[in-house]
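All ligand and atom numbering here is 1-based and tracks the order in the structure.
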Amino acid sequence: MHIDPDLAVLDIEYVRGQFPVLSREIKPGVPLIYLDSAATSQKPRQVIEAMSTYYESQNANVHRGIHRLAEEATVSFESAREKVAQFIGIESARQIIFTRNATEAINLVAHSWARANLKKGDLIILTEMEHHSNIVPWQILAQERGVRLAFVSVTEDGLLDLNSFHDLLGEKPRLVAFTHMSNMLGTVNPVKEMTRLSHDAGAVVLIDGAQAVPHLPVNVGDIGADFYAFSAHKMCGPTGIGVLYGREDLLEEMPPFLGGGDMIKRVQLESFTANDLPYKFEAGTPPIAEGVGLGAAIDFLTSIGMDAIHQHEKLLIGRMLDRLEEVPGVRVYGPSADHKGGVASFSFVDIHPHDVAQILDSHGIAVRAGHHCAMPIHEKFGLPATTRASFYLYNTVEEVDSLIEGLYKVKEIFS
Ligand code: 7TS
């Protein structure tokens, strides 16, 4: 099957041509079909080249040297911060803090904001569809401080149960933290409405945007969240750098996260004065080349267009869900394509998800099997594990069809 050119929303040949790894064969004559972008995305040559150019011609530490290279490295790194702010609809780059990844961004809030602001008995609302990164930091806090955790339930269709959300808001939570898009169900949550309702209930809002920023046009300013976290490596950028957006007044009031160089203005033997935002939260040498790579990733995604990327993935997930229906014995989790990003988790009644992934791998098809760091939602559906295919801008309708053919081969082997 070929993409109907009337439906195609991006120039897939051009896009694929930018990703060197996509020309790889897994074994002779078996091309790579990469359907694991929810774990990490592939990297376009623009990102790889920006990072090697940085190392070849500009490498220096930032914010401290007055020599030419140090100045250039600082400008390159700080311009990435400006690009991030612009990409997510935030005016001031002072509100963009670089972390190691989304996980560290959430931990920063749990460590600095929550420890300074929450006390025993205070309520934090999470949801049952969270990644472990947005559960465990709060569990640690609950163990340490005696704050209470409550979870918005998920319906059989994989949507948040908004009645349960309303009920919990009635208990006056101090913090509401939820994912923008689930990495297991693919559900895209109504984050703007949820933020408004949480604010009306007097809560601070943290959104885990790890699966959303790479795939949807996201305007954090418009959503109105107080904190928003994501990782570069899922959006065509490198590993080792993530982002925390924070509301300026909250960030100003929060104590530092880690201590060391760069996060201070002045240090005496007995005390220190914290640096201005955003450096107050960035102790030690930051991920400089990674920042440059993230800036290049944003330029690349912007040149393709986030709307086009989103539409393309809608096309792929629509095709995938339609075709999965044909395969006997398969159950798919999560909502219909209308409420879903490019993620499909599924299981066969009688075949282990790891076996499915292994057979697909022998046909060059890379999918993930397991609990995808979202054990509670698997447990909710009575599952130890699922097989998950996840899409990005470089995937094609033909690849979706190859996956379906692969599933028929799996069935053959196990019948
Ligand atoms: N939040 C969500 C919704 C995620 O999907 C992930 C990573 C994270 C947070 C954590 O991101 P990190 O960059 O800090 O690790 N999700 C996955 C996944 O689905 N498979 O591998 C990683």
Using heavy atoms and a threshold below 4.0 Å, how should the contact between [X] and ligand 1 be classified: side chain, backbone, both, or neither?
X	value
H233	side chain
A39	both
H371	neither

[atom] [closest protein heavy-atom partner, distance rounded to 0.1 Å]:
atom	answer
atom 4 (C) of ligand 1	H131 CD2, 3.3 Å
atom 15 (O) of ligand 1	T103 OG1, 3.7 Å
atom 1 (N) of ligand 1	D208 OD2, 2.5 Å
atom 16 (N) of ligand 1	K234 NZ, 2.9 Å
atom 5 (O) of ligand 1	Q211 NE2, 2.7 Å
atom 21 (O) of ligand 1	R368 NH1, 2.7 Å

In terms of relative ring orientation, are H352 and H354 parallel, tilted or perpendicular, with 30° and 60° separating the classes?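 Parallel, since the angle between the ring planes stays under 30°.
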Should the ring pair F77 and F98 be called parallel, tilted or perpendicular, given that the plane angle runs from 0 to 90° and is split at 30 and 60? tilted
Using a 4.5 Å cut-off on heavy atoms from C-beta on, say whether the side chain of P20 contacts that of I48.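 They are in side-chain contact.
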Can you check whether S37 reaches K234 side chain to side chain, under 4.5 Å on heavy atoms? no
Could you check whether E82 and S79, counting side-chain N and O atoms only, form a donor-acceptor pair closer than 3.5 Å?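 Their side chains do not contain a donor-acceptor pair, so the 3.5 Å distance test is not met.
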With distance as the sole test, does K43 use its side chain to make a donor-acceptor pair with the main-chain N or O of M235 at under 3.5 Å? no
Can you name the closest pair of heavy atoms from T386 and S345 and give their distance?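 Smallest heavy-atom distance, with atoms named: OG1-CB, 3.8 Å.
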